[in-house]
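See below for the structure under consideration.
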Amino acid sequence: MLTMKKVPMFGATAHNVKRLYETAFPVEQRVPFWSLRLRSNMNGMEIVAYYDEDVFCGFACLLATEKAVYLYYIAVADDQRNKGYGTQILDDLKQRYPEKTIALDIEARDPRANDNEKRAARRAFYLKNGFKASGYGFKDGGLFEIMVFGEKLEEPKAYAVLIDRLAFGLTHTNVRPMSEVKSKSRK
């Protein structure tokens, strides 16, 4: 059974999370890890590590607000994949935030992308775990689709506000219906 630990600024847990963060996400999709740690425990943002007894299994970085939780990053350690830990992490988040919408973004499927099979598998994983397409997305280098567990948020701007909190509001993400985002990316 998984146990959750808040990630401290320093120590073995922080080191495990940093190593996984840097290998699981492409550099263009990451903010500096020191910045993530600094922001954790600020205004609803947290980084949590998951362990099965003393074995590090994965982590989640999220922002919890009054109505929603935005899952910025979730990853399972390479040597712990395909053991059900990703589902257990999502289940933990669903139990911790039962009245809130949980939202996240994934790279949209693209037949031209080298990793399209991985993208499709990632989307299938979230669908299997009760998430559904929100109908919204955005461009940030590539095309991203927003998925939700629970009720969709009222408007695209609600997702943008959550996403932009990762950068202290210094960025502006233009969230729009996926049909608009896809048509603009083809031009």
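Just so it is clear, the structure is predicted and the values come from calculations on it, not from any experiment.
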Measuring from [X]:[atom1] to [Y]:[atom2], what's the distance to the nearest 0.5 Å?
{"X": "M4", "Y": "I89", "atom1": "CE", "atom2": "CD1", "result": "11.5 Å"}
{"X": "F138", "Y": "T173", "atom1": "CZ", "atom2": "OG1", "result": "6.0 Å"}
{"X": "D79", "Y": "C57", "atom1": "CG", "atom2": "SG", "result": "8.5 Å"}
{"X": "M147", "Y": "L127", "atom1": "CE", "atom2": "CG", "result": "4.0 Å"}
{"X": "E180", "Y": "N174", "atom1": "CD", "atom2": "CG", "result": "9.0 Å"}
{"X": "I47", "Y": "R37", "atom1": "CD1", "atom2": "CZ", "result": "8.0 Å"}

Go through R119 and N116 one step at a time and tell me if the side chain to side chain donor-acceptor pair (under 3.5 Å) criterion holds.
CA-CA 5 Å; R119 294 177 186 201; N116 193 47; 5.3 Å; no
Within-4.5 Å side-chain heavy-atom neighbours: [X] and [Y]:
{"X": "F149", "Y": "K132", "result": "no"}
{"X": "L20", "Y": "F56", "result": "yes"}
{"X": "E46", "Y": "L62", "result": "yes"}
{"X": "L90", "Y": "F125", "result": "yes"}
{"X": "M178", "Y": "F144", "result": "no"}
{"X": "R176", "Y": "Y136", "result": "no"}
{"X": "K94", "Y": "N129", "result": "yes"}
{"X": "V27", "Y": "E22", "result": "no"}

Please check this pair: side chain of R109 against backbone of A120, looking for a donor-acceptor N/O pair closer than 3.5 Å.
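Flag not set: sc R109 to bb A120 has no pair under 3.5 Å.
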Counting only N and O atoms by type, is there a donor-acceptor contact under 3.5 Å from the side chain of R122 to the main-chain atoms of I106?
no
[X] versus [Y], closest heavy-atom pair with distance:
{"X": "H172", "Y": "D164", "answer": "CA-OD2, 3.3 Å"}
{"X": "P98", "Y": "Q95", "answer": "CD-O, 3.3 Å"}
{"X": "I74", "Y": "F25", "answer": "O-CZ, 3.4 Å"}
{"X": "P8", "Y": "A14", "answer": "O-CB, 3.4 Å"}

Linking I/L/V/M/F/W/Y whenever any side-chain heavy atoms sit under 4.5 Å apart, do [X] and [Y] land together?
{"X": "L93", "Y": "Y21", "result": "no"}
{"X": "L2", "Y": "V69", "result": "yes"}
{"X": "V31", "Y": "M45", "result": "yes"}
{"X": "Y70", "Y": "V148", "result": "yes"}

Could you go step by step and tell me if V17 and Y50 meet the side-chain contact (heavy atoms from CB on, under 4.5 Å) rule?
CA-CA 10 Å; V17 170; Y50 289 89; over 6 Å; no
Does E145 come within less than 4.0 Å of R123, counting only side-chain N to carboxylate O?
yes
Going through the distances and angles, do V48 and D92 end up as a side-chain contact (heavy atoms from CB on, under 4.5 Å)?
CA-CA 11 Å; V48 291; D92 176 67; 5.9 Å; no
In terms of relative ring orientation, are Y126 and F131 parallel, tilted or perpendicular, with 30° and 60° separating the classes?
perpendicular
Any pair with a residue in residues 54-67 that passes side-chain hydrogen bond (donor to acceptor under 3.5 Å, both in side chains), sequence neighbours left out, goes on the list, sorted by first then second residue, please.
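Every candidate side-chain hydrogen bond (donor to acceptor under 3.5 Å, both in side chains) pair involving residues 54-67 fails, so no pair, neighbours aside, qualifies.
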Could you walk me through whether L36 and Y72 pass side-chain contact (heavy atoms from CB on, under 4.5 Å), step by step?
CA-CA 10 Å; L36 277 185; Y72 294 117; over 6 Å; no
Yes or no on side-chain contact (heavy atoms from CB on, under 4.5 Å) for K83 and Q88, after CA distance, side-chain angles and deciding distance?
CA-CA 10 Å; K83 296 180 181 180; Q88 289 180 54; over 6 Å; no
When you look at NZ of K18, are more than 12 heavy atoms from neighbouring residues, nucleotides or ligands closer to it than 6.0 Å?
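Atom NZ in K18 is not packed in, count stays at 12 or less.
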Tell me if the CG atom of N82 is crowded by more than 12 foreign heavy atoms within 6.0 Å.
no
Aromatic contact, F59 with Y73 (centres under 6.0 Å)
no
In residues 151-162, what donor-acceptor pairs under 3.5 Å come from side-chain atoms, sequence neighbours left out?
unit_1: K152; atom_1: NZ; unit_2: S134; atom_2: O; d: 3.1
unit_1: Y159; atom_1: OH; unit_2: L153; atom_2: N; d: 2.9

